[in-house]
Amino acid sequence: MESNDRIAMRLKKWACVVVSLLSLSPLAAQQVVSTHSVSVELAGLMYAYECPLGDRFSLVARVGTQAGIQYLSSGSFWGEREHRWSVGLYPVLSVEPRYYYNLSKRYEAGKNTFKNSGAFLSCNLQYDFPPYYRHQVEGKGGFVVTPFWGFRRVWYRHLLFELGGGLNLVTTDFSSVSVGPAFNVRLGYLF
């Protein structure tokens, strides 16, 4: 039979090992992980790959198609009004660096952080190729830069939901820039 001192020493060693392992486990859950997804957006279908660049940073690359929908109502001095709907389907290529700023806080609160479920800040850099379908739209593509705030949730290991908003800066020829609100809802499937 072992002495009480030896038993106490072994218990202390096991306690140190368990505490060390428990203190390391939150770090793994707080890090950004790599993901592949296919998503349906408000007006489009996209494939995305998210690559971690550190504990809280990632780079999201997307390719797919998006719809541009616009309603224009204008009037003249003489009271004549023009109402026009414009629709275009555009092939899209985008790159979006992201900063997940609350993964640690969510994990410590016992909330879901699976597959980067958290809030983020990002800047989406997107190129829209000329539309392959258009109705009352010019046949040009363009660049879109969007500083963005959003959040992401993954449920049942594969169901993706993202919601975000920001400010679109759009140019087709780099001689002028139009500014407008950006809003995105993304439902998808994670591989």
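Keep in mind that this is a model prediction, so the values were computed, not measured.
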Less than 3.5 Å apart, which donor and acceptor atoms pair up between the side chains of residues 178-191 and the rest of the protein, not counting sequence neighbours?
unit_1, atom_1, unit_2, atom_2, d
R186, NE, E41, OE2, 2.9
R186, NH1, E162, OE1, 2.7
R186, NH2, E41, OE2, 2.9

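Partners of Y47 under the side-chain hydrogen bond (donor to acceptor under 3.5 Å, both in side chains) rule, at least two apart in sequence or in another chain, are H36. Remark: S175 pairs with D173 by the side-chain hydrogen bond (donor to acceptor under 3.5 Å, both in side chains) rule, at least two apart or across chains. Partners of F120 by ring-ring contact (aromatic ring centres under 6.0 Å, His included), not counting sequence neighbours, listed by chain and number: Y100. Residues satisfying the ring-ring contact (aromatic ring centres under 6.0 Å, His included) criterion with Y133, sequence neighbours excluded, are absent altogether. Residues passing the side-chain hydrogen bond (donor to acceptor under 3.5 Å, both in side chains) test with S39, sequence neighbours excluded: none. Partners of Y49 by side-chain hydrogen bond (donor to acceptor under 3.5 Å, both in side chains), not counting sequence neighbours, listed by chain and number: S34. Applying the ring-ring contact (aromatic ring centres under 6.0 Å, His included) test to F114 and every residue at least two apart in sequence or in another chain returns nothing. Shown here are the side-chain contact (heavy atoms from CB on, under 4.5 Å) partners of P97, two or more places apart in sequence or in another chain: L59. With sequence neighbours left out, F151 forms a side-chain contact (heavy atoms from CB on, under 4.5 Å) with A119, W149, R153, F161, L163.
Proximity of L89 to P131: side-chain heavy atoms (C-beta onward) are nowhere separated by under 4.5 Å. Looking at heavy atoms from C-beta onward, V38 lies in side-chain contact with L45 at the 4.5 angstrom threshold.
By the rule that hydrophobic residues join a cluster once side-chain heavy atoms approach within less than 4.5 Å of another member, F57 and Y101 end up as members of one cluster. In this structure, V60 is not a member of the same hydrophobic cluster as V63, with clusters built from ILVMFWY side-chain heavy atoms closer than 4.5 Å. The hydrophobic clustering, which links ILVMFWY residues whose side-chain heavy atoms are closer than 4.5 Å, places M46 and Y90 together.
Not one N or O on the side chain of T172 forms a donor-acceptor pair closer than 3.5 Å with the backbone of G142. A donor-acceptor pair under 3.5 Å links the side-chain atoms of N116 to the main chain of V33, judged by distance alone. Checked by atom type and distance alone, the side chain of T171 pairs as donor or acceptor with a backbone atom of S176 at under 3.5 Å.
The structure places CZ of R98 at 12.0 Å from SG of C123, a figure rounded to the nearest 0.5 Å. Taking CG from L121 and CZ from R56, the interatomic distance works out to 12.5 Å, rounded to the nearest 0.5 Å. Taking CG of N124 as the reference point, atom OG of S94 lies at 4.5 Å (rounded to 0.5 Å). Taking OG of S58 as the start and OH of Y99 as the end, the distance is 12.0 Å to the nearest 0.5 Å. Between the CG atom in L169 and the CZ atom in F143 there is a gap of 13.5 Å [rounded to 0.5 Å]. Here CZ of R106 is found 7.5 Å from OG1 of T113. Values are rounded to the nearest 0.5 Å.
For Q126 and Q66, the side-chain atoms include at least one donor-acceptor pair closer than 3.5 Å.
For R152 and E50, the salt-bridge test passes: some basic side-chain N is under 4.0 Å from an acidic carboxylate O.
Pairs engaging residues 111-132 under the salt bridge (charged side-chain N to carboxylate O under 4.0 Å, His left out) rule: none recorded [sequence neighbours left out].
By the 4.5 Å side-chain criterion applied to Ile, Leu, Val, Met, Phe, Trp and Tyr, V170 is assigned to a cluster that also includes V144.
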